[in-house]
Engineer: 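One structure coming up, written as structure tokens, with questions to follow.
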Amino acid sequence: MADAQSAESMLVLVVDDEDSLRTSIVLNLELAGYGVKSVDNAERALSLIQQEKFDIVLCDLRLPDLDGMTFIEKCRETDESVAIVLMTGFGSNDLAIEAMRKGAYDYLSKPFSPDELVFTLRKIEERERLRTENEELKSVINEQFRFSNIVAKSKKMQDVFQTVKRLANFNTTVLITGQSGTGKELLARAIHHNSPRRGKPFIAINCGAIPETLMESELFGHKKGAFTDATRDKKGLFEEANGGTLFLDEIGEMPVHLQVKLLRALQEQQIRRVGDELPVEIDVRVVAATLRDLEKDVENGRFREDLFYRLNVVSIHLPALKDRPEDIPVLIEHFMKKHNKRLGLSIQGVTPEALRCLMNYQWRGNIRELENCIERALVLTESSTVDVESLPNTVRYSDGEEGRSEEGAAFVFDDSNLSIKHHSRELEIQLIRKALAKTDGNRTHAAKILEISHRALLYKLKEYELTELGKK
Ligand SMILES: Nc1ncnc2c1ncn2[C@@H]1O[C@H](COP(=O)(O)OP(=O)(O)OP(=O)(O)O)[C@@H](O)[C@H]1O
Ligand SMILES: [Mg+2]
């Protein structure tokens, strides 16, 4: 039987007039961790639903006092969010299908095993979880999840916001580390805008993008005649940023001989233009960023140790997006708003299946990649909600395991669950996802490499609720 923990907050109402069956269902559901109430006819069921909030109603298709279809309609009138699962006898599948059209969520054909029963309810739980997350998406982003232009809900990022608030008023240098696309530049700007320097310039320079020969003059300026092209005096970025903040992006790319000059500028608060002996006083706060492991660069002699310590007075690490998935829904909402407005669209939210893909994906390009993905999805979506069809294949078929484990070793068995049934199911889902990713969603080709019939693949897609995957 499945574990009992995840069901703790779910309340189920069982409606069946057959005493022994009802008792055994109640027992099995309680064992699986559900809260359960039971009644033997429709009238009692409807009056209970009016008094209490049930998550799931499990009812027999044939009840003594009301037919199943009318019961579903009345249930829905009272509580439109309740999930209804029908129990049907032999040969009543057509009725069950009609019931699903009327709003039942699923059906169980009698006789069913306790495992089948619990599995059906677990599917509903999963759907509910995604629906709630989606609701969150639709609600306006609370200001508390925003700091300057940075949107984030995770504890890790809330801690970053706190650090920035504390250090913004001081003139200390700050070193920001994090993978590409995690928001290092955005954070540097937030530091500036929350500091008393906000009225003065914020100047950014990418140390990796400027040829070494030009970098010194770019940073410190030059005097007329200092070199062939120096036809007049020129201020460097340190002087341009005077009173404000200078953002040295990709600081790890700075040539070693300039690292010495930068260290001197930071220590003495003055610079010398190229070709000039006279120092110029400067009042600049330096924020530097890198995606490199600077400590390692120090060990290898690529980066000066003294400069590293001078920059690293305060360091802030921006975690990769995959390590803060709680931020994904609020970021999606933020980017949808932003790009809807820009593109003149009004697409609302994402489907639960699309959200599941977005939450599962590894986002190696971090927030920049997520933003691009949402922008693209808005352009491609033909309906009023973003669905899986408009997500890139890499995101759509991601099984959430790439990058986490070695190829072929995606399965890590936890000793507490050695159920063959459970793991075979997970294995099949992964193989199907991988086959569809490999064949660009072509189900016929995917079935071939899975070595099953096309029909069997369709059946499994339905069984595992993956019907949105692949091209029909
Ligand atoms: N928390 C966030 N909220 C809203 N937008 C964000 C957030 N983090 C990043 N972005 C957006 O993602 C994009 C990438 O951010 P940014 O350029 O600051 O990253 P970076 O770490 O400097 O990347 P790189 O190392 O590639 O230069 C930008 O468009 C930025 O506005
Ligand atoms: Mg950057």
Side-chain angles (χ1 to χ4, degrees), residues 136-137 139-165 168 173-194 202-210 215 237 241 245-254 286-294 297 303 311 314-343 350 358-359 361-379 392 395:
E136 246 172 56
L137 259 185
S139 68
V140 181
I141 296 178
N142 193 317
E143 276 305 304
Q144 107 192 55
F145 301 142
R146 194 181 256 282
F147 180 77
S148 292
N149 283 324
I150 313 176
V151 173
K153 186 181 176 185
S154 60
K155 167 84 173 59
K156 288 187 175 112
M157 287 300 292
Q158 295 293 323
D159 288 348
V160 168
F161 294 171
Q162 287 309 321
T163 310
V164 172
K165 275 184 201 155
T173 48
V174 182
L175 180 65
I176 304 173
T177 59
Q179 293 175 359
S180 180
T182 46
K184 297 187 291 297
E185 177 154 357
L186 205 58
L187 187 69
R189 286 181 191 277
I191 293 173
H192 175 72
H193 284 290
N194 285 278
F202 173 91
I203 306 256
I205 172 178
N206 184 335
C207 304
I210 296 179
M215 187 153 351
L237 297 178
T245 306
L246 180 63
F247 175 50
L248 300 175
D249 203 358
E250 297 190 28
I251 186 80
E253 303 303 322
M254 180 159 292
V286 168
V287 177
T290 182
L291 43 73
R292 301 184 57 90
D293 182 347
L294 277 193
D297 286 349
F303 202 83
L311 292 171
V314 179
S315 69
I316 301 181
H317 178 68
L318 286 176
L321 186 54
K322 74 167 169 38
D323 295 328
R324 43 175 164 126
E326 319 86 285
D327 288 345
I328 294 176
V330 282
L331 283 166
I332 296 174
E333 156 84 353
H334 171 71
F335 292 134
M336 284 189 83
K337 257 201 196 143
K338 175 173 162 188
H339 293 292
N340 261 332
K341 194 166 166 202
R342 199 175 58 78
L343 298 164
V350 304
L358 291 162
M359 300 281 293
Y361 185 58
Q362 292 289 294
W363 301 113
R364 297 217 171 102
N366 293 291
I367 294 132
R368 181 179 297 110
E369 188 184 4
L370 175 65
E371 176 165 10
N372 291 343
C373 171
I374 296 299
E375 185 180 357
R376 172 184 184 275
L378 289 181
V379 174
V395 176

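Atom set for the values below is all heavy atoms of this structure, side chains included, hydrogens, waters and symmetry mates excluded. As the structure is a computational prediction, the values presented were derived from the model and not from experiment. When a ligand or atom number is given, it counts from 1 through the structure's own listing order.
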Engineer: Can you tell me if D327 and S154 form a side-chain donor-acceptor pair at under 3.5 Å?
Structural biologist: yes

Engineer: What residue and heavy atom of the protein are closest to atom 26 (O) of ligand 1, and at what distance?
Structural biologist: S180 OG, 2.7 Å

Engineer: Which residue and atom name correspond to the protein heavy atom nearest atom 22 (O) of ligand 1, and how close is it?
Structural biologist: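 Looking at atom 22 (O) of ligand 1, the protein heavy atom closest to it is E185 N, 3.2 Å.
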
Engineer: Any chance you could measure R324, atom CZ, to K155, atom NZ, to the nearest 0.5 Å?
Structural biologist: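 Atom-to-atom, R324:CZ and K155:NZ are 14.0 Å apart.
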
Engineer: Can you name the side chain to side chain contact (heavy atoms under 4.5 Å, CB included) partners of Q162, sequence neighbours left out?
Structural biologist: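 Q162 satisfies side chain to side chain contact (heavy atoms under 4.5 Å, CB included) with K165, R166 only.
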
Engineer: Where the closest heavy atom to atom 25 (O) of ligand 1 is concerned, which of K338, R324, R189, K184 has it?
Structural biologist: K184

Engineer: Number the atoms of ligand 1 from 1 as they appear, then name those within less than 4.0 Å of a heavy atom of F335, with their elements.
Structural biologist: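 Atoms satisfying the 4.0 Å criterion: 5 (N).
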
Engineer: Report the member of A188, G208, G183 with the shortest heavy-atom distance to atom 15 (O) of ligand 1.
Structural biologist: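 Nearest heavy atom to atom 15 (O) of ligand 1 lies in G183.
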
Engineer: Looking only at protein heavy atoms, identify the closest one to atom 1 (N) of ligand 1 and say how far it is in Å.
Structural biologist: V151 O, 2.9 Å

Engineer: Would you say ligand 1 has an N or O under 3.5 Å from any N or O of I150?
Structural biologist: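 Not met; the criterion fails.
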
Engineer: Got a donor-acceptor contact below 3.5 angstrom from the T163 side chain to the D159 backbone?
Structural biologist: yes

Engineer: Is there a side-chain contact (heavy atoms from CB on, under 4.5 Å) between V287 and H192? Walk through the geometry before answering.
Structural biologist: CA-CA 9 Å; V287 177; H192 175 72; over 6 Å; no

Engineer: Once rounded to the nearest 0.5 Å, what's the spacing between atom CD of E253 and atom CG of D297?
Structural biologist: 8.5 Å

Engineer: So which heavy atom in the protein is nearest atom 23 (O) of ligand 1, and how far is it from that ligand atom?
Structural biologist: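 Protein heavy atom with the smallest distance to atom 23 (O) of ligand 1: G181 N, 2.8 Å.
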
Engineer: If you measure from atom 27 (O) of ligand 1 to every heavy atom of H334, R368, E371, E250, which option wins on shortest distance?
Structural biologist: R368

Engineer: Is ligand 1 under 4.0 Å from a heavy atom in the side chain of A152, in the backbone, in both, or in neither?
Structural biologist: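 Neither part.
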
Engineer: Which residue and atom name correspond to the protein heavy atom nearest atom 7 (C) of ligand 1, and how close is it?
Structural biologist: L186 CD2, 3.4 Å

Engineer: Tell me whether N149 reaches ligand 1 (any heavy atom closer than 4.0 angstrom to a ligand atom).
Structural biologist: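 It does, in that a heavy atom of N149 comes within the 4.0 Å cut-off of ligand 1.
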
Engineer: By side chain to side chain contact (heavy atoms under 4.5 Å, CB included), which residues pair with T177, not counting sequence neighbours?
Structural biologist: L175, T290, H317

Engineer: Roughly how far apart are I176 CD1 and I251 CD1, rounded to 0.5 Å?
Structural biologist: 12.0 Å

Engineer: Would you call the rings of Y361 and W363 parallel, tilted or perpendicular if under 30° counts as parallel and over 60° as perpendicular?
Structural biologist: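 Rings of Y361 and W363: perpendicular, over 60°.
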
Engineer: Closest non-hydrogen protein atom to atom 9 (C) of ligand 1, residue and atom name please, with distance?
Structural biologist: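 Here the nearest protein heavy atom works out to I367 CG2, 3.4 Å.
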
